[in-house]
Amino acid sequence: MNNHMEYLDKLNPQQREAAVHKEGPLLILAGAGSGKTSTMTHRIAYLIREEGVAPYHILAVTFTNKAAKEMRDRVEDLIGEGISMWILTFHSACLRILRKHAEALGYDKDFVVYDPTDQKVVIKNCIKEQNVDEKKYPPAYVLSIISDCKEKGISPAKFAEINGVDFKNKIILDLYTAYEAVLKKNNAMDFDDLILRTVQLFERNEDILADYQQKFQYIMVDEYQDTNYIQYRFIKLLAEAHNNICVVGDDDQCIYQWRGADIKNILDFEKDFKNTKVIKLEQNYRSHANILEAAHSVIEKNKGRKHKKLWTDKEKGEKIKYYRADDEKEEARYIAQEIDRLHGKELAYSDFAVLYRTNAQSRTFEEALSAREVPYRVLGGTRYYDRKEIKDIMAYMRLVQNTADDLSLTRIINEPKRGIGEKTLEKLRALASVRNESLFDALTDDDIVEGLPSKAVDSIREMISTLGQFSREKDNLKVSDIYDGLLVRTGYVRNLEQQNTVEAEGRIENLLEFKSVIYDYEKENPQMSLAEFMEKIALMAEIDNHDAGENAVVLMTLHSAKGLEFPVVFMPGMEDGLFPGWRAFEKPDGVEEERRLCYVGMTRAMKRLYLTSAELRTLYGKTDYTRESQFLKELDKSLVDGDAIYEKKSSQGSFSGFGASSGRNPGWSQGGGNDGYSGNEIFRPFDQLKYIKQSQTTGSGGKAGPDIKDGDKVSHSKFGEGLVISVDGSTVTIAFDSVGIKKLAKDIAPIKKI
Ligand code: ATP
Ligand code: MG
């Protein structure tokens with residue numbers, strides 16, 4: 001223990017005052033880069049080290065996994081590793097709570113989490129079933145209303161009460177009701193549910209709430225300006241008992257109003273929690289003075305803001321660079337060239353970030369960067385987890401976790417082909433629904449399957465039996481074993497191999513790549529359960545596969561960059577219509593919110609900031625001349641490099657070295673890394689044996705030979721060494737040194753004789 005609290009010396013007096021504040025509500029309201037997050041992490045350390053607060057009593061929440069990880073790392077730097085604490089995103093914190101108490105809400109504890117793609121499938125089906133015109137009620141629109149309701153805690157019944165039931169509202173109401181019913185039946189929750197249901201859990205179960213109030217005696221929320229109503233409720237319920245709540249935020253950085261964030265939460269904090277201590281931080285420690293000035297010159301154009309200005313004692317630094325390219329390709333090449341030029345001893349690749357307004361912009365940068373052989377990572381967007389094969393295997397894994405998940409079963413029942421067409425599937429679904437069973441349970445009934453073509457019967461039976469087996473054994477298997485087992489036994493990989501096309505090969509590579517994801521998690525937590533893994537993946541929204549250790553340029557949206565900092569930041573696409581986006585003009589506070597986003601982007605930069613635009617832009621398949629963003633015009637021009645701003649620069653023709661794009665699949669080519677088994681040389685020829693062999697050499701997927709008998713010493717990939725006590729038909733009973741006696745399905749248990 002450090003009695004002199006040296007770690008607090010680094011803080012300025014206001015920061016320190018906040019960090020050593022022990023009890024009662026605390027609001028830290030301050031601009032970007034003023035050390036809000038740092039102050040909070042220091043406060044956590046202070047509470048634990050000096051005040052003797054048990055880490056168990058602390059809850060710290062933020063918005064992205066990346067931000068949560070950053071916070072955890074910073075706390076570990078201060079108090080050492082290995083202390084388990086709830087420093088989480090809202091979603092993960094709620095998910096943890098729900099896992100424990102799902103049953104109190106009428107869910108099975110193995111409930112699954114549906115991502116936006118799943119949600120779309122569900123709502124599409126509802127629209128179809130209710131004969132609603134999809135053109136008038138597009139799935140995305142309906143979902144946005146549902147999500148909006150859930151963020152405000154409005155149930156279908158309440159929706160009717162508030163909005164009345166005219167023709168249009170009746171349709172929405174019916175869709176909302178049907179959507180909820182499907183999720184419930186499938187034992188599934190969407191992202192909004194995670195928070196909404198937790199709030200309901202607390203509201204309906206005083207004793208559970210009281211337990212958590214008692215547990216979380218110190219609550220901290222970062223980026224509080226972006227909380228919506230339901231997140232606010234969650235925090236408020238927990239904090240009510242003791243009022244030990246500390247929130248930090250910046251009203252200039254509220255960028256999620258379109259998702260229901262309510263800036264009032266932060267502005268009204270003092271009213272909400274009596275005797276709040278308010279601390280303002282005014283010194284920015286992140287950015288060179290020019291960058292800070294420039295960001296301020298933009299944000300001060302917002303009318304609805306409290307006047308505040310940050311200062312810094314850092315050097316002025318470089319001016320902001322502005323470049324107007326001919327088109328978006330040249331814009332990307334310019335950025336790639338600048339990165340290539342600047343990177344070196346002082347700046348690693350990971351010190352550069354390209355922050356764009358929409359994910360659709362990312363592809364051009366990926367191409368330009370690969371052409372220069374600059375390593376990069378894309379965060380969010382159509383990522384890896386949206387790929388068909390990944391979604392397929394995830395559907396299989398979800399079924400293993402929760403066989404009631406009809407959506408997943410529908411997805412994979414004919415994947416690979418099992419001779420089940422749309423019509424048959426409809427019929428099966430109808431039958432299951434009459435019997436009030438899940439599709440999975442229905443398919444285990446002989447009489448239902450019998451009506452099908454005989455080939456289909458066999459393959460369905462085989463699939464159901466495989467899923468059932470893995471489902472029963474899931475706690476006895478490592479996730480990587482389940483993964484391998486499913487890929488091989490469901491015929492999924494074999495099918496791809498037989499296709500023998502480049503596309504299929506790419507898919508197999510992706511599946512192998514996915515295994516490296518599993519291994520990474522298993523390395524961290526060898527006992528990871530399937531449910532835990534599925535959660536990790538489900539929560540990997542947007543930002544979240546960012547590995548800070550990797551030396552690669554980071555590409556992501558401005559929204560995802562909140563709270564982060566980079567020595568060099570590029571903000572491409574500074575054009576009216578793109579940034580601010582057209583839609584901004586349709587909403588009252590639209591442009592002001594975009595301006596806050598611009599401020600967030602600019603204030604990510606520590607040393608250098610580049611703004612670029614393209615005269616001609618092709619986006620979503622349309623090519624248009626563009627106008628420079630109004631935000632550029634608002635910038636204090638004395639801080640911008642080059643007097644040619646807002647005039648076309650002459651073409652430079654100096655971009656040598658740009659051949660055609662290298663032809664690598666840009667979406668993930670850099671993500672693979674040297675994990676030893678995603679490389680082509682190891683896995684080129686198409687045969688399943690190779691897949692299986694690989695699985696085995698990487699330490700899993702083995703199968704107990706038929707020759708296992710009583711008295712054999714075996715090793716199990718999850719439980720380690722053990723002694724076979726008995727073999728009875730398909731069951732083998734083993735006494736393990738680590739976990740005691742286990743009965744395992746001989747057929748799929750990953751055991752080897754030793
Ligand atoms: P944002 O609004 O973007 O979330 P923030 O207010 O949370 O920013 P931090 O990320 O905590 O700011 O801090 C910004 C940078 O300033 C970090 O690199 C941090 O280490 C540094 N910093 C914070 N406080 C101090 C200080 N007192 N002395 C030196 N550096 C500091
Ligand atoms: Mg912060």
Side-chain angles (χ1 to χ4, degrees), residues 5-20 26-46 60-78 87 89 220-227 246-256 261 263 266 279-289 291-292 295-296 299 305-306 308-315 317 350-351 353 355 543 548 556 558-569 571 596-607 609:
M5 304 195 285
E6 262 164 30
Y7 61 101
L8 296 177
D9 292 347
K10 202 186 134 224
L11 303 181
N12 69 32
Q14 295 79 21
Q15 291 175 330
R16 191 184 165 107
E17 189 186 352
V20 304
L26 174 65
L27 166 65
I28 305 174
L29 189 58
S34 58
K36 295 183 296 297
T37 306
S38 314
T39 302
M40 208 158 92
T41 51
H42 279 81
R43 179 163 181 260
I44 295 175
Y46 171 82
V61 279
T62 180
F63 281 80
T64 63
N65 289 337
K66 163 85 178 112
K69 177 165 187 305
E70 174 97 25
M71 213 192 284
R72 222 173 298 134
D73 289 348
R74 289 199 203 173
V75 172
E76 278 179 359
D77 283 348
L78 296 170
I87 302 182
T89 64
M220 279 166 255
V221 189
D222 199 357
E223 310 276 0
Y224 191 69
Q225 77 278 354
D226 278 323
T227 48
C246 159
V247 306
V248 315
D250 176 3
D251 48 330
D252 282 337
Q253 294 186 68
C254 178
I255 54 173
Y256 278 108
I263 208 165
I266 195 157
I279 291 182
K280 296 198 169 148
L281 307 176
E282 273 144 13
Q283 181 172 2
N284 173 295
Y285 292 95
R286 177 179 294 146
S287 311
H288 282 168
I291 296 173
L292 193 61
H296 186 256
I299 194 66
R305 85 182 267 273
K306 287 188 177 174
K308 67 173 185 292
K309 193 170 177 190
L310 293 164
W311 64 276
T312 176
D313 59 11
K314 279 204 193 308
E315 59 191 281
S350 53
D351 288 334
L355 310 179
I543 179 98
M556 67 179 134
L558 288 156
H559 277 99
S560 321
K562 191 168 70 156
L564 308 182
E565 60 190 17
F566 300 91
V568 185
V569 167
M571 290 170 61
R596 289 193 291 269
L597 188 58
C598 184
Y599 175 75
V600 167
M602 294 174 78
T603 53
R604 298 310 97 201
M606 301 161 86
K607 297 185 176 138
L609 173 63

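Order of listing sets the numbers, starting from 1, for every ligand and every atom in it. Because the structure is predicted, anything quoted here is derived from the model rather than measured.
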S.K.: As a check for students: among Glu565, Gln253, Arg604, identify the option with a heavy atom nearest to atom 3 (O) of ligand 1.
M.R.: Arg604
S.K.: Which heavy atom of the protein is the closest neighbour of atom 10 (O) of ligand 1, given with residue, atom name and distance?
M.R.: Arg286 NH2, 3.1 Å
S.K.: Anything protein N/O/S under 2.8 Å from the Mg ion (ligand 2)? Just list residue and atom, please.
M.R.: Thr37 OG1
S.K.: Does Glu223 reach ligand 1, in the sense of a heavy atom lying below 4.0 Å from it?
M.R.: yes
S.K.: So which protein heavy atom does atom 5 (P) of ligand 1 come closest to, and at what separation?
M.R.: Lys36 N, 3.4 Å
S.K.: Quick one: are Asp9 and Arg16 in side-chain contact, heavy atoms under 4.5 Å?
M.R.: yes
S.K.: With respect to Asp252, which candidate in Lys309, Arg596, Lys308 satisfies the salt bridge (charged side-chain N to carboxylate O under 4.0 Å, His left out) definition?
M.R.: Lys308
S.K.: Parallel under 30°, tilted from 30 to 60°, perpendicular over 60°: which one fits the rings of Tyr256 and Phe63?
M.R.: parallel
S.K.: Examine distances only and state if a side-chain atom of Asp226 and a backbone atom of Ile255 form a donor-acceptor pair shorter than 3.5 Å.
M.R.: yes
S.K.: So if I count the atoms of ligand 1 from 1 in the order they appear, which ones are less than 4.0 Å from some heavy atom of Gly563?
M.R.: 4 (O)
S.K.: Nearest protein heavy atom to atom 16 (O) of ligand 1, by residue and atom, and its distance?
M.R.: Tyr285 CB, 3.2 Å
S.K.: Does the side chain of Thr312 reach to within under 4.5 Å of the side chain of Ser287, using non-hydrogen atoms?
M.R.: no
S.K.: Please check whether Gly33 reaches ligand 1 - meaning an N/O of the residue sits under 3.5 Å from an N/O of the ligand, judged on distance alone.
M.R.: yes
S.K.: Salt-bridged, Arg74 to Glu70, with N to O below 4.0 Å?
M.R.: yes
S.K.: Do any nitrogen or oxygen atoms of Gln15 come within less than 3.5 Å of a nitrogen or oxygen of ligand 1?
M.R.: yes
S.K.: Flag the pair His296 / Leu292 as yes when at least one side-chain heavy-atom distance between them is below 4.5 Å, and no otherwise.
M.R.: no
S.K.: Is there a side-chain contact between Val247 and Met220 (heavy atoms, below 4.5 Å)?
M.R.: no
S.K.: In Å and rounded to the nearest 0.5 Å, what is the CG to CE distance from Leu609 to Met571?
M.R.: 6.5 Å
S.K.: Quick check on contacts: which atoms of ligand 1 are under 4.0 angstrom from a heavy atom of Arg74?
M.R.: 10 (O), 11 (O)
S.K.: If we ignore angles and hydrogens, is there a donor and acceptor under 3.5 Å between the side chains of Glu17 and Gln15?
M.R.: no
S.K.: Check ligand 1 against Ser38 and write out every atom of the ligand that is under 4.0 Å from a heavy-atom position of the residue.
M.R.: 9 (P), 11 (O), 13 (O), 19 (C), 23 (C)
S.K.: Is any NZ, NE, NH1 or NH2 atom of the basic residue among Asp351 and Lys607 found under 4.0 Å from an Asp or Glu carboxylate oxygen of the other?
M.R.: no
S.K.: Nearest to atom 12 (O) of ligand 1, what protein heavy atom do you find, and at what distance?
M.R.: Gly35 N, 3.1 Å
